[in-house]
Amino acid sequence: MKFTIVITTYNRVSLLKRAVESALAQTVPSEVVVVDDCSTDETEAYVTSLGDRVIYHRNTKNVGHSASINIGVKVAQGDWVKLIDDDDYLDLQCIAEMKRAIAMRPQAVICSCQAIQVDENEVELSRTRQTGPGRFFYVPQEDIHYGMLLEKVPFGTPVQVAFRRDAFLKSGGWDSSLDANCDDIDSWIKIAQFGDAIFINRYLSYRTIWQGAQNRKFSLQKRLDTNILMKRKIYSLVSEKHQASIPSLSAIQDYLKLHWGLVALKQRKLLVALKLATPAFLSPSAWGILARAMSARKQPTKAKEVRKLVLTELEV
């Protein structure tokens with residue numbers, strides 16, 4: 001099993017250095033590909049100075065994050081691909097732990113670990129919520145989309161996720177029309193059609209939370225609209241085995257409107273909150289989904305909490 005670490009970057013050479021150093025310092029050596037989306041800073045000089053320690057691909061024009069991901073995966077020679085955005089970085093044991101978990105479940109096509117959120121000075125802000133049993137567990141393919149719909153199997157951001165290269169290519173890659181707005185989640189939804197998912201309850205990645213992050217550029221309305229689009233895609237892929245156990249699509253959409261309305265309230269945007277949550281606040285089903293979601297976020301997910309969802313601990 002060979003891993004390729006794909007790092008996409010654009011005009012952030014100071015951050016890129018940290019990402020590249022974390023990739024090159026992995027305890028299990030991996031191929032490292034840097035895709036430069038036509039930067040105008042010192043990115044090219046820095047990466048080329050590393051010689052054959054990395055594979056450098058420079059786009060001839062700026063094509064965006066999603067298209068750069070697709071290019072990086074095509075360039076990669078590994079069986080599995082680990083993504084890193086240039087403002088994030090990895091624990092030195094990340095690839096070793098992922099390889100260990102995948103070896104225990106060869107049917108897997110996607111693997112996700114836990115992440116520590118840090119600020120620009122690498123000071124810890126928060127940690128993702130651990131889910132499921134044990135240090136490693138897997139979810140069989142027929143249960144993944146059901147779990148995603150109920151937000152019990154969150155794959156997380158690119159720095160948390162690795163995937164099998166052939167499954168990624170079969171899925172069609174990242175959708176550039178979503179560039180930086182759920183393009184990652186859209187990809188996980190598609191890749192999960194081709195095999196099982198593995199989750200690692202260990203913090204092996206670092207995500208930087210800062211004002212320069214791409215997703216902060218979108219309005220709450222845009223983020224709600226894309227969130228609804230993702231749920232529709234997931235809903236259509238839920239196995240027949242689970243069809244009788246899921247809420248209606250309209251109730252899920254109303255729940256999302258309530259969620260983003262609350263986000264707007266926290267940001268003291270009253271008029272935006274009213275616009276987002278009306279008339280969803282009249283839906284008892286939506287409030288029920290919201291209450292369950294908020295309760296679940298406060299504690300680890302156990303197998304018994306999700307009816308019919310199979311979470312199987314892998315033997316260490």
Side-chain angles (χ1 to χ4, degrees), residues 110 112 128-133 137-157 161 171 175 178 181-194 196-197 199 215 218 220-266 272-312:
I110 189 167
S112 183
T128 54
R129 180 174 58 89
Q130 293 195 346
T131 59
F137 70 93
Y138 77 89
V139 179
Q141 193 282 322
E142 65 177 352
D143 293 335
I144 297 173
H145 294 103
Y146 171 70
M148 291 182 77
L149 186 72
L150 299 184
E151 300 177 5
K152 299 294 184 180
V153 288
F155 287 106
T157 59
V161 176
S171 75
D175 184 347
L178 299 170
N181 187 21
C182 289
D183 46 4
D184 51 351
I185 301 301
D186 178 67
S187 183
W188 316 153
I189 293 168
K190 295 185 293 186
I191 291 171
Q193 297 176 84
F194 301 107
D196 298 347
F199 292 85
N215 61 2
F218 298 102
L220 294 181
Q221 182 67 61
K222 177 67 173 177
R223 294 172 75 178
L224 167 62
D225 292 343
T226 308
N227 207 179
I228 289 174
L229 174 62
M230 293 301 107
K231 288 294 188 183
R232 287 175 179 166
K233 289 187 175 188
I234 296 168
Y235 201 92
S236 68
L237 292 170
V238 173
S239 168
E240 289 185 10
K241 158 185 172 182
H242 297 297
Q243 289 293 331
S245 305
I246 58 177
S248 69
L249 183 57
S250 60
I252 291 171
Q253 291 176 166
D254 282 343
Y255 147 67
L256 294 174
K257 292 174 183 178
L258 289 178
H259 167 78
W260 286 103
L262 290 176
V263 171
L265 275 180
K266 289 179 181 178
V272 174
L274 288 172
K275 180 182 178 182
L276 295 178
T278 303
F281 66 85
L282 297 175
S283 168
S285 297
W287 281 108
I289 298 171
L290 179 64
R292 289 192 293 273
M294 293 177 70
S295 175
R297 289 175 191 139
K298 296 178 181 178
Q299 55 189 341
T301 301
K302 303 297 182 184
K304 65 182 180 181
E305 293 176 340
V306 190
R307 185 157 56 99
K308 296 185 180 180
L309 175 60
V310 178
L311 308 176
T312 305

Compare all side-chain heavy atoms of V153 with those of V139 and state whether any distance is below 4.5 angstrom.
yes
Can you list the residues that meet the side chain to side chain contact (heavy atoms under 4.5 Å, CB included) rule with A280, with sequence neighbours excluded?
D254, K257, L258
Residues in side chain to side chain contact (heavy atoms under 4.5 Å, CB included) contact with E142, at least two apart in sequence or another chain:
S239, K241
Does S187 have any side-chain hydrogen bond (donor to acceptor under 3.5 Å, both in side chains) partners at least two apart in sequence or in another chain, and if so, which?
W174
Between the side chain of S171 and the main-chain N/O of I191, is any donor-acceptor distance below 3.5 Å?
no
Partners passing side-chain hydrogen bond (donor to acceptor under 3.5 Å, both in side chains) against T226 (at least two apart in sequence or in another chain):
N181
Closest heavy-atom contact between C182 and L178?
O-CD1, 4.2 Å
Between S245 and Y146, which heavy-atom pair has the shortest distance, and what is it?
CB-OH, 4.0 Å
Can any side-chain N or O of W287 pair as donor or acceptor with the backbone N or O of F281 at less than 3.5 Å?
yes
Could I get the full list of side chain to side chain contact (heavy atoms under 4.5 Å, CB included) partners for P140, not counting sequence neighbours?
Y138, D143, D196, V310
Might you work through the side chain to side chain contact (heavy atoms under 4.5 Å, CB included) test for L256 and N227, ending with a clear yes or no?
CA-CA 7 Å; L256 294 174; N227 207 179; 3.5 Å; yes
What are the two closest non-hydrogen atoms of G261 and A277, and how far apart are they?
CA-CB, 4.4 Å
Are Q193 and L237 packed together at the side-chain level, in the sense that at least one heavy-atom pair is separated by less than 4.5 angstrom?
yes
Can you give me the closest heavy-atom contact between V272 and A264, atom names plus distance?
CG1-CB, 4.0 Å
Give, for atom CZ of F155 and atom CD1 of I189, the distance between the pair rounded to the nearest 0.5 Å.
9.5 Å
Measuring from atom CE of M230 to atom CG of D225, what distance do you get when rounded to the nearest 0.5 angstrom?
11.0 Å
If you count heavy atoms of other groups shown closer than 6.0 angstrom to CD of E240, is the number above 12?
no
Between W188 and I110, does the side chain to side chain contact (heavy atoms under 4.5 Å, CB included) criterion hold? Intermediate values first, please.
CA-CA 8 Å; W188 316 153; I110 189 167; 3.9 Å; yes
Side-chain contact, heavy-atom cut-off 4.5 Å: Y235 with I252?
yes
State which residues pass side chain to side chain contact (heavy atoms under 4.5 Å, CB included) with A192; sequence neighbours excluded, sorted by chain then number.
I144, H145
Note: D184 and G156 closest approach over all heavy atoms is OD2-O, 4.2 Å
Is it the case that E151 and Y255 place a side-chain donor and acceptor less than 3.5 Å from each other?
yes
Not counting sequence neighbours, which residues clear side-chain hydrogen bond (donor to acceptor under 3.5 Å, both in side chains) with Q253? List them please.
R232
Set of residues satisfying ring-ring contact (aromatic ring centres under 6.0 Å, His included) with respect to F194, sequence neighbours excluded:
none
What residues, two or more places apart in sequence or in another chain, satisfy salt bridge (charged side-chain N to carboxylate O under 4.0 Å, His left out) together with D186?
K190, K233
Go through the steps for V263 and L276 under the test side chain to side chain contact (heavy atoms under 4.5 Å, CB included), then give the verdict.
CA-CA 10 Å; V263 171; L276 295 178; over 6 Å; no
Who passes side-chain hydrogen bond (donor to acceptor under 3.5 Å, both in side chains) against S248, sequence neighbours left out?
S250
